[in-house]
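Just below is one structure, and these are the notes that go with it.
From a predicted model like this one, the values you see are computed outputs, not experimental measurements.
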Amino acid sequence: MSVIQTMGLSKRYKDRWAVDRLDLRVEQGDIYGFIGRNGAGKSTTLKLLCGLARPTRGEALLFDRPIRDAAARRRVGALIEQPGLYPDLSGRENLLLYAALLGLDSPRQQVDEALQTVGLSAAEKKPVQRYSMGMKQRLGVALPLLGGPDLLLLDEPINGLDPEGIREMRELLLRLNRERGITILLSSHILGELSKLATRYGIIQEGRLVEQITAGELAQRCADYLCLRTDQPEKAAALLEQTLHLTRWEMRPEREIRIYDPVDAKSVGRVLTQAGVAVEELSQHRQDLEGYFLERMGGEKHV
C-alpha cells in the first residue's frame, strides 16, 4: 500500500520552482530517506505533504486519499524545521499544550506515553531550556507522536546532534518503525547515518526527483567494481563472459563496462589484449554511499 503518492506535485515561489513535477512514492512500513542539497526542495515537499503549503499544481495522496481529506491528515504527524517549544515550560507542559490544541481525548495519558516512548519520562518536569540538544530533538519527535500517527514526516531530526544524540534518535526511529509499524519519511544531511535507517531513498535536485531506490539496490550499486573502458565494449563483454565466466556486470555510457564479479584485473587485460581489443582504462573502483549520492546530485557540493 502506498502511504504517500505524488503526481506532478509542484510549488512555485515568484520566479522559482521550489518543487517541480515531483512523482514520489512511499510504501507502508518504509523508512524513506529524502536526500538533497540545501535548497533542493526537501522542506517544501514536506510542507506540501502535511498541508502547510498549497501546491501550485499537481496532486498528492496520503493513504490513497487527497491531502485535504481530514481523516487522512489525522494519521500524519510532522516535525518540519525546528519544533516550536516554550523554553520556560517543562517537556510535559509543552506536550500538554500541544495536546490541547489537537483536542485529544485522554491528553495526560497520551503525553505520558509519548514521553516514555522518546525516553524523557525522567526529565518531564525539567524546563526545556535546560535540555540538551538531543533531548530537545526527542521532545520534538514526541509532539507529532501525540494522536498515534501512522506516518511521520521529519525534517532533519538528527541535524546538530552529537554522536550519542544521533544514536539515541536512530534507535528511537527504528523502534517506532519496527514495533509500532509507523512509516517514516525523513530528510537528513548525514548520509552515513541515514544508511543505517532507510529502507528506501529519494534523491531530489533543484526541486526534481532524480531517483528513487531501495536500500538493497543501493547496496548493489555501491559495491566495488572493476571499471573497464574500451572502444569495443560489446566484443569485450562477450569475450569476458565466455573466457572468465562473468555474470555480474553492466554496460555503461561512454564505452564503460562495470564488472562486479571478483576478477583479477590482469586476467581481464590479458584476455582482451590477446583478442586484439584495445584497453583504454582498467581500474578498481570503490564507491561509498556519500560518493554515490554526490554523483547523482551532480557534483561534490554540500548536501
Side-chain angles (χ1 to χ4, degrees), residues 31-34 38 42-43 46-47 49-53 73-198:
I31 299 181
Y32 190 102
F34 199 36
N38 290 327
K42 301 189 301 298
S43 295
L46 295 183
K47 289 176 182 177
L49 292 174
C50 65
L52 292 177
R73 289 171 66 167
R74 278 196 294 270
R75 299 176 67 182
V76 181
L79 176 62
I80 310 298
E81 297 174 349
Q82 296 297 317
L85 301 173
Y86 293 92
D88 295 336
L89 300 182
S90 68
R92 167 177 285 279
E93 290 168 334
N94 270 279
L95 291 181
L96 284 171
L97 277 174
Y98 193 72
L101 290 172
L102 293 175
L104 298 180
D105 296 328
S106 307
R108 294 186 179 277
Q109 178 181 343
Q110 294 202 44
V111 167
D112 287 341
E113 291 176 356
L115 286 169
Q116 184 175 4
T117 297
V118 301
L120 290 176
S121 296
E124 63 182 59
K125 296 181 180 179
K126 182 188 295 187
V128 168
Q129 62 189 355
R130 293 172 53 195
Y131 277 22
S132 67
M133 178 62 76
M135 293 170 69
K136 289 178 182 176
Q137 288 293 81
R138 281 185 283 140
L139 184 61
V141 174
L143 293 173
L145 285 177
L146 294 173
D150 296 310
L151 168 65
L152 279 179
L153 305 176
L154 304 177
D155 190 15
E156 301 284 358
I158 57 178
N159 192 31
L161 299 184
D162 60 19
E164 179 65 17
I166 291 174
R167 182 188 62 80
E168 291 173 350
M169 183 62 69
R170 178 178 71 242
E171 292 175 351
L172 169 61
L173 297 180
L174 287 171
R175 191 166 68 250
L176 292 172
N177 177 256
R178 293 170 179 173
E179 297 179 6
R180 297 195 183 185
I182 297 176
T183 302
I184 301 172
L185 186 155
L186 72 154
S187 67
S188 177
H189 285 69
I190 307 176
L191 301 180
E193 187 60 34
L194 197 59
S195 68
K196 301 174 184 177
L197 286 166

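Between Leu115 and Arg92 the shortest side-chain heavy-atom distance falls below 4.5 Å. Contact check for Leu186 versus Leu194: side-chain heavy atoms found under the 4.5 Å cut-off. The closest side-chain heavy-atom distance from Gln137 to Glu168 is not below 4.5 Å. Counting heavy atoms from C-beta outward, Leu49 and Leu151 have side chains that stay 4.5 Å or more apart. At least one side-chain heavy atom of Ser187 sits less than 4.5 Å from a side-chain heavy atom of Asp155. Between Val111 and Leu104 the shortest side-chain heavy-atom distance does not fall below 4.5 Å. Two residues are said to be in side-chain contact when any heavy atoms from C-beta on lie closer than 4.5 Å; Leu85 and Leu143 meet this criterion. Proximity of Thr117 to Leu172: side-chain heavy atoms (C-beta onward) are separated by under 4.5 Å at one or more points.
Pairing each heavy atom of Val118 with each of Arg138, the nearest pair is O-NH1, 3.0 Å. Pairing each heavy atom of Val128 with each of Asn94, the nearest pair is CG2-ND2, 3.4 Å. Between Asp88 and Pro127, the shortest heavy-atom contact is O-CB, 4.2 Å. Listed here is the closest heavy atom pair of Tyr131 and Lys126: CE1-O, 3.4 Å. Cys50 and Ala78 get closest at one heavy-atom pair: CB-CB, 4.0 Å. Contact between Ala198 and Gly33 at its shortest, heavy atoms only, is CB-N, 4.0 Å.
Once rounded to the nearest 0.5 Å, the distance linking CZ of Arg180 with CG of Asp150 reads 11.5 Å. To the nearest 0.5 Å, the span separating CD on Glu171 from CG on Leu197 amounts to 10.5 Å. In this structure, CG in Leu173 is found 6.0 Å from CG in Leu154, a value given to the nearest 0.5 Å. Atom CG of Leu46 is separated from atom CG of Leu52 by 9.5 Å, given to the nearest 0.5 angstrom. With rounding to the nearest 0.5 Å, the separation of CD in Glu164 from CZ in Arg167 is 4.0 Å. Between atom CE of residue Met133 and atom CG of residue Asn159 there is a gap of 8.5 Å, rounded to the nearest 0.5 Å.
Other residues, nucleotides and ligands place more than 12 heavy atoms under 6.0 Å from the CZ atom of Arg175. Atom CD of Gln116 has 12 or fewer neighbouring heavy atoms from other residues, nucleotides or ligands inside a 6.0 Å radius.
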Steps toward side-chain contact (heavy atoms from CB on, under 4.5 Å) verdict (Val141, Met169) = CA-CA 9 Å; Val141 174; Met169 183 62 69; 3.9 Å; yes
Steps toward side-chain contact (heavy atoms from CB on, under 4.5 Å) verdict (Leu145, Leu152) = CA-CA 8 Å; Leu145 285 177; Leu152 279 179; 4.0 Å; yes
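With hydrogens and angles ignored, the 3.5 Å screen pairs no side-chain donor or acceptor of Gln110 with any backbone N or O of Leu146.
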